[in-house]
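Notes follow the structure.
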2 protein chains.
Amino acid sequence: MAHPGPAERPDCAHPGPAPHEPLLRAPTYLVAELTKLIRRESAGALPCADAAGRMRGPAVLVLACVAAEGPMSQRQVSERLRMDPADVVSLVDVLEERGYVERHRDPADRRRYRLDVTEDGRLFLARRREAGLRLNQRLFAPLTPEEMEQFTDMIVRVLAHHDPRFTEHGPSETGPEDAA
Amino acid sequence: MAHPGPAERPDCAHPGPAPHEPLLRAPTYLVAELTKLIRRESAGALPCADAAGRMRGPAVLVLACVAAEGPMSQRQVSERLRMDPADVVSLVDVLEERGYVERHRDPADRRRYRLDVTEDGRLFLARRREAGLRLNQRLFAPLTPEEMEQFTDMIVRVLAHHDPRFTEHGPSETGPEDAA
DNA sequence: TATTGTTATACTCTATAACTATA
DNA sequence: TATAGTTATAGAGTATAACAATA
């Protein structure tokens, strides 16, 4: 075929450039597209350290959480990361199998585990973090460092407005209702 | 009051409002959290116009695309929205079933369809768009209009750097490699 | 285009076991 | 003790979205 252009649209010469205008300014659409871009660019760019290719986003998140906040229970992980407790189970399974965390029963409350990061876990996390920095540089190359700062600040502010996890000083009493 | 706030634990150093610092500044993590927030806030806030609850994100996207850029083929839709052609099929099925678009064979090339939006389709889109605006106001309440503008601009710039669909004047020859 | 199937993620529901509080 | 209520984990199952293989 000669060209894949629209047959009967003389005013639209180019085959597939930009998505339609109204969407181009819809923040939720843009965030969704950005997420898809991140997914595409992340593929293969981050160490997964697993023949089966596990150790993806959520698993790394759990590992980072335990590494940063010290020994904690699975319940606490699920609260910090706002993940479903049911999903944390299998993620910790993977981490434990890889030797990145260890499950010990908490003697104070034997219902819960005490998750401990291993040295291997910290090593993996360090490698992953470095790869993440390179990825970010590539991903957000068009933004100046100041803009990058503004960008993350704005997201944190939006998140904090709806989610007490992102407030500076712990869960506050003010919520989304204030400005709604 | 159903705040899923972290449980107060006297034996834990700081019972833990905010996720750990390194993550708090990682843009890709923040974007992922923002996406989850959008999902949560969107639930029930947008008209789905379907007993089965279809007409979700992707279907509306396809409808908006056809509505904004005029009659086009499914292949063109998949290119504009960077969706898998296989997924466009079932989305158009839903839209057709709802009476929002019509499939006509393109007389110029009978292999492809010519998708046309119906009046019902435009009506639904208008309602949906209005609900979307209200949702955005609630979602991004902490940002000033200027910041909102900067925010969307920055995302578009980042997207354009990796994806020719988002360049102003159609697919250009310059790509991510230029500044990488 | 269409069909079929796979995978990742997020969420729902239920079950079991261990804890807490109280009579 | 006994009883009831709560919490931590586990497991099965569902829904959406992205994607691969093939007709």
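In what follows, every chain begins at residue 1, and chains take the letters A, B, ... in the order their sequences are listed.
- At least one donor-acceptor pair under 3.5 Å links the side chain of A:Arg128 to the backbone N or O of A:Met55.
- Taking atom CG on A:Asp93 and atom C1' on D:dG11, their separation rounds to 11 Å, with Å as the unit.
- Here the C1' atom of nucleotide C:dA2 and the CG atom of B:Leu115 are 14 Å apart, to the nearest Å.
- Comparing atom distances between the B:Arg56 side chain and each of D:dA17, D:dA10, D:dA8 picks out D:dA17 as nearest.
- Remark on DNA chain D: of its neighbouring residues B:Leu91 and A:Val92, the 5'-side contact belongs to A:Val92, judged by nearest-heavy-atom nucleotide.
- Between the CZ atom of A:Arg54 and the C1' atom of C:dT9 there is a distance of 16 Å, rounded to whole Å.
- Residue A:Gln74 has no polar side-chain atom (N or O) positioned under 4.0 Å from OP1 or OP2 of D:dT7.
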With 3.5 Å as the limit, what N/O pairs link the protein to nucleotides 20-23 of chain D?
none

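- Using a 4.0 Å heavy-atom distance criterion, B:Arg103 is classed as a sugar-phosphate-only contact.
- When rounded to the nearest whole Å, the span between CG of A:Leu37 and P of D:dC19 equals 11 Å.
- A side-chain donor-acceptor contact under 3.5 Å links A:Arg105 to the backbone of A:Arg111.
- For B:Lys36, the side-chain atoms get nearest to C:dA10 when compared with the rest of C:dA10, C:dA2, D:dA17.
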**Request:** Could you go through the salt bridge (charged side-chain N to carboxylate O under 4.0 Å, His left out) check for A:Glu97 and A:Arg54 one step at a time?
**Result:** CA-CA 11 Å; A:Glu97 187 185 320; A:Arg54 286 165 305 186; 3.0 Å; yes

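- Where B:Arg39 and B:Val89 meet DNA chain C, the nucleotide closest to each residue was compared, and B:Val89 sits on the side nearer the 5' end.
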**Message:** The test is salt bridge (charged side-chain N to carboxylate O under 4.0 Å, His left out); show your working for B:Arg157 and A:Glu147 and say whether it passes.
**Reply:** CA-CA 11 Å; B:Arg157 279 164 51 206; A:Glu147 286 175 321; 2.9 Å; yes

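- Here A:Tyr113 reaches the OP1 or OP2 of D:dA10: one of its side-chain N or O atoms lies under 4.0 Å away.
- The backbone N or O of A:Arg114 lies less than 3.5 Å from no partner atom in the side chain of A:Ser73, so there is not a single donor-acceptor pair.
- Using a 4.5 Å heavy-atom threshold, the side chains of B:Arg25 and A:Asp153 count as touching.
- In this structure, CZ of A:Arg75 is placed 11 Å from C1' of D:dT6, rounded to the nearest angstrom.
- For the pair B:Leu61 CG and D:dT16 C1', the interatomic distance rounds to 15 Å; values are reported in whole Å.
- Counting to the nearest Å, the P atom of D:dA17 and the CD atom of A:Glu33 are 14 Å from each other.
- For A:Val88 and B:Arg82, each mapped to the nucleotide of DNA chain D holding its nearest heavy atom, the one lying further toward the 5' end belongs to A:Val88.
- Looking at B:Arg112 and B:Gln76, their side chains never bring a donor and an acceptor atom within 3.5 Å of each other.
- Between the CZ atom of A:Arg40 and the P atom of C:dT7 there is a distance of 22 Å, rounded to whole Å.
- Figure legend: cation-pi geometry between A:Arg98 and A:Phe124 absent, as NZ or CZ is not positioned both under 6.0 Å from the six-membered ring centre and within 45° of its axis.
- As judged by a 4.0 angstrom heavy-atom cut-off over every strand, A:Arg110 is placed among residues touching the sugar-phosphate backbone only.
- Of the candidate nucleotides C:dT3, D:dT7, D:dA10, D:dT7 has the atom lying nearest to any side-chain atom of A:Arg111.
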